[in-house]
Amino acid sequence: MPDRYDLPAGFRWGAATAAYQIEGAVGEDGRGPSVWDTFAARPGAVRDGHTGAVACDHYHRYPEDIALMKGLGLDGYRFSIAWPRVLPTGAGTVNPAGLAFYDRLVDALLEAGITPLPTLFHWDLPQALEDGGGWLNRDTAYRFAEYAAIVADRLGDRIPAWITLNEPFVHTVFGYALGTHAPGRALMFEALPAAHHQLLGHGLAASLLHERGLEVMLSNNLTPVEPASDSAEDKAAAEAYDALHNRLFTDPVLLGRYPDLSALGVPDDIHGAVHPGDLDLIHTPGLDGLGLNFYNPTRVAAPTEPGGLPFDLVDIPDVPHTAFGWPVVPDALRRLLLHLRDTYGKALPPLTITENGCSVAEDTDPDQPRIDFMAAHLDALAQAAAEGVDVRGYYTWSLLDNFEWAEGLFSQRFGLVHVDFETQRRTPRASYAWYRDLISVHRARYSV
Ligand code: IFM
């Protein structure tokens with residue numbers, strides 16, 4: 001049975017983070033406020049009243065963090081660029097100090113032999129754009145494309161591949177449908193225009209990045225959806241959930257069409273958001289790679305309450321669960337990859353795992369559950385590769401413990417490196433040494 005050491009030659013090893021989760025320095029060097037600054041200030045919005053105001057203080061400590069990456073032997077580092085650092089009000093005047101930070105970061109990464117893989121939007125929308133409707137406003141898609149071009153013009157000479165959006169499903173559903181993330185709107189399925197406008201922004205930005213000779217990826221958090229039983233009702237509920245979570249964010253980009261959302265009561269034009277020609281703008285630029293953020297599969301049953309959502313999400317018993325309570329089912333990753341290959345065929349570009357990891361309780365040391373999690377998922381990845389899936393890299397989530405959105409700073413620790421948020425002391429965990437050794441053994445296998 002193929003395992004993690006059998007991943008193909010040239011496979012890229014990485015780690016991932018995101019700006020609001022690690023940078024801190026929210027009021028420095030001209031950065032404008034983002035929706036997450038506003039949301040985190042709301043009483044009760046984030047556990048223990050935490051915010052990303054300081055987080056890992058990466059804005060000042062990035063050299064130390066790059067030294068940690070170098071110690072791992074990473075090929076690549078996935079980070080996100082804070083739109084409000086570059087354009088404090090989302091559009092118009094560029095903040096040179098904001099761009100200069102990413103310039104320094106990119107140069108320091110290259111100096112360390114690490115390829116930067118930036119994400120342009122990881123949920124920290126400039127508050128000024130939110131004040132104009134945020135992603136519910138079609139105009140935001142055009143502002144996103146302008147921002148993408150500005151950043152690419154500054155950094156594109158040193159960065160070959162770019163990710164436009166991170167997990168538009170999570171941003172739409174948690175941010176606009178349920179209101180548990182910024183910007184805190186609870187519109188249920190009326191939120192779906194925010195999904196369309198993010199995808200439109202992706203398509204517009206992708207064209208501009210391609211014009212500049214750059215490669216474009218999109219990172220979706222896909223989940224294999226399994227019905228709770230063989231009943232027709234459970235199967236229909238699973239199909240409705242699959243359309244919402246997976247196909248809504250992948251079909252338009254890869255196939256140029258939306259899935260049928262009628263089970264959710266959503267019309268084909270997504271409440272009037274889809275204009276003629278939009279699907280071409282989203283689909284035509286094509287993708288050079290699809291990023292997958294994989295954490296767990298989802299089990300779905302028919303709803304027990306009439307008149308509510310057309311599905312119930314149910315637990316998967318008899319498997320381990322992470323500190324977040326997410327079921328650990330590594331083979332679901334293999335199944336997801338084969339399903340994508342079979343569903344999209346030639347329309348599927350090469351895949352990269354742009355996030356995978358688990359939260360472990362603070363007192364778990366050495367962090368064997370995280371090592372077991374990564375080892376089993378990498379074995380599953382190698383098995384999918386052996387079955388013909390074109391998978392090019394793996395970026396673990398995350399390099400550092402960080403601000404885990406509504407869960408705040410302390411409760412969900414995803415880092416290979418422990419961060420003491422009082423002192424900012426970084427302490428590599430057992431999983432750091434394990435990942436370093438894995439990378440070095442894999443690399444040695446293919447060196448001449
Ligand atoms: O921390 C998040 C990240 O920002 C997006 N993907 C999932 C991670 C863990 O919840």
Taking the side chain as every heavy atom from C-beta outward, state whether [X] and [Y] have any pair of such atoms under 4.5 Å apart.
X: T396; Y: F414; answer: no
X: R154; Y: Y102; answer: no
X: Y62; Y: L109; answer: no
X: T93; Y: N95; answer: no
X: I22; Y: V419; answer: no
X: I270; Y: L248; answer: yes
X: W405; Y: F174; answer: no
X: V94; Y: L87; answer: yes

Check whether any side-chain N or O of [X] sits under 3.5 Å from a backbone N or O of [Y] as a donor-acceptor pair, and report yes or no.
X: T140; Y: G134; answer: yes
X: R47; Y: E404; answer: no
X: D260; Y: S262; answer: yes
X: S398; Y: G415; answer: no
X: D367; Y: S431; answer: yes
X: E146; Y: A141; answer: no
X: D234; Y: A302; answer: yes
X: R413; Y: H418; answer: no
X: W83; Y: G90; answer: yes
X: D139; Y: N137; answer: no

Counting only heavy atoms not in [X] (residues, nucleotides, ligands), do more than 12 fall under 6.0 Å from its [atom1]?
X: R257; atom1: CZ; value: no
X: D342; atom1: CG; value: yes
X: E239; atom1: CD; value: no

>> Tell me if the centroids of the rings in H58 and F79 come within less than 6.0 Å of each other.
In response: no
For the residue pair [X] and [Y], confirm or rule out a side-chain donor-acceptor distance under 3.5 Å.
X: Q368; Y: R370; value: no
X: Y77; Y: T17; value: yes
X: D379; Y: Q383; value: no
X: T343; Y: R247; value: no
X: T119; Y: N166; value: no

> Checking ring pair (Phe, Tyr, Trp, His ring centres under 6.0 Å) against H50, which of F421, F39, F403, F410 comes through?
Replying inline: F410
Could you state the interatomic distance from [atom1] ([X]) to [atom2] ([Y]), rounded to the nearest 0.5 Å?
X: I371; Y: C358; atom1: CD1; atom2: SG; answer: 10.0 Å
X: T172; Y: F249; atom1: OG1; atom2: CZ; answer: 4.0 Å
X: H60; Y: F101; atom1: NE2; atom2: CZ; answer: 9.0 Å
X: L68; Y: L416; atom1: CG; atom2: CG; answer: 10.0 Å
X: L199; Y: L204; atom1: CG; atom2: CG; answer: 11.0 Å
X: L381; Y: L292; atom1: CG; atom2: CG; answer: 9.0 Å

> Under the ring-ring contact (aromatic ring centres under 6.0 Å, His included) criterion, do H196 and Y258 qualify, and how do the steps go?
Replying inline: CA-CA 10 Å; H196 177 66; Y258 276 113; 5.7 Å; yes
Do you know which two heavy atoms are closest between [X] and [Y], and how far apart they sit?
X: I316; Y: V319; answer: O-CG2, 3.5 Å
X: A40; Y: Y20; answer: CB-OH, 4.1 Å
X: D124; Y: P84; answer: O-CD, 3.2 Å

>> Tell me which one of L218, V216, L117, L120 satisfies side chain to side chain contact (heavy atoms under 4.5 Å, CB included) with I163.
In response: L117
> Out of L378, N296, I353, L338, which one pairs with L333 under the side chain to side chain contact (heavy atoms under 4.5 Å, CB included) rule?
Replying inline: I353
> Between R335 and E226, does a side-chain contact (heavy atoms from CB on, under 4.5 Å) hold up when you go through it step by step?
Replying inline: CA-CA 11 Å; R335 285 188 270 118; E226 46 183 66; 4.1 Å; yes
> Under a 4.0 Å N-O cut-off, is there an ion pair linking R425 with D420?
Replying inline: no
>> Taking the basic N atoms (NZ, or NE/NH1/NH2) and the acidic carboxylate oxygens, is any pair closer than 4.0 Å for R61 and D65?
In response: no
> How would you list all residue pairs meeting ring pair (Phe, Tyr, Trp, His ring centres under 6.0 Å) that involve residues 303-323, not counting sequence neighbours?
Replying inline: Y241-F311
>> Checking F144 against H197 for the ring-ring contact (aromatic ring centres under 6.0 Å, His included) test, could you report, in this order, the C-alpha distance in whole Å, the side-chain angles of both residues, the deciding distance, and whether it holds?
In response: CA-CA 10 Å; F144 176 69; H197 295 145; over 10 Å; no
>> As a quick check of understanding, evaluate side-chain contact (heavy atoms from CB on, under 4.5 Å) for T250 and Y344, giving each step before the final call.
In response: CA-CA 10 Å; T250 309; Y344 294 107; 3.6 Å; yes
> Do you know which of Q21, R429, Q412 makes side chain to side chain donor-acceptor pair (under 3.5 Å) with D401?
Replying inline: R429
Show me the pairs that pass salt bridge (Lys or Arg N to Asp or Glu O under 4.0 Å) and involve [range], at least two apart or across chains.
range: residues 301-311; answer: none
range: residues 13-35; answer: E23-R85, R31-D37
range: residues 278-294; answer: R138-D278

Tabulate below the donor-acceptor pairs under 3.5 Å that side-chain atoms of residues 175-184 make, not counting sequence neighbours, or state none.
residue, atom, partner, partner atom, Å
Y176, OH, E130, OE1, 3.2
Y176, OH, W135, N, 3.0

>> Is the ring pair W326/F324 parallel, tilted or perpendicular, if the boundaries are 30 and 60 degrees?
In response: parallel
> Between L281 and L200, is a side-chain contact (heavy atoms from CB on, under 4.5 Å) present by the stated rule, with each step listed?
Replying inline: CA-CA 7 Å; L281 291 171; L200 180 62; 3.9 Å; yes
> Could you give all pairs that pass the side chain to side chain donor-acceptor pair (under 3.5 Å) test and reach residues 349-358, with sequence neighbours left out?
Replying inline: R78-E355, S219-T354, N293-T354, N293-E355, Y295-E355, N356-Y394
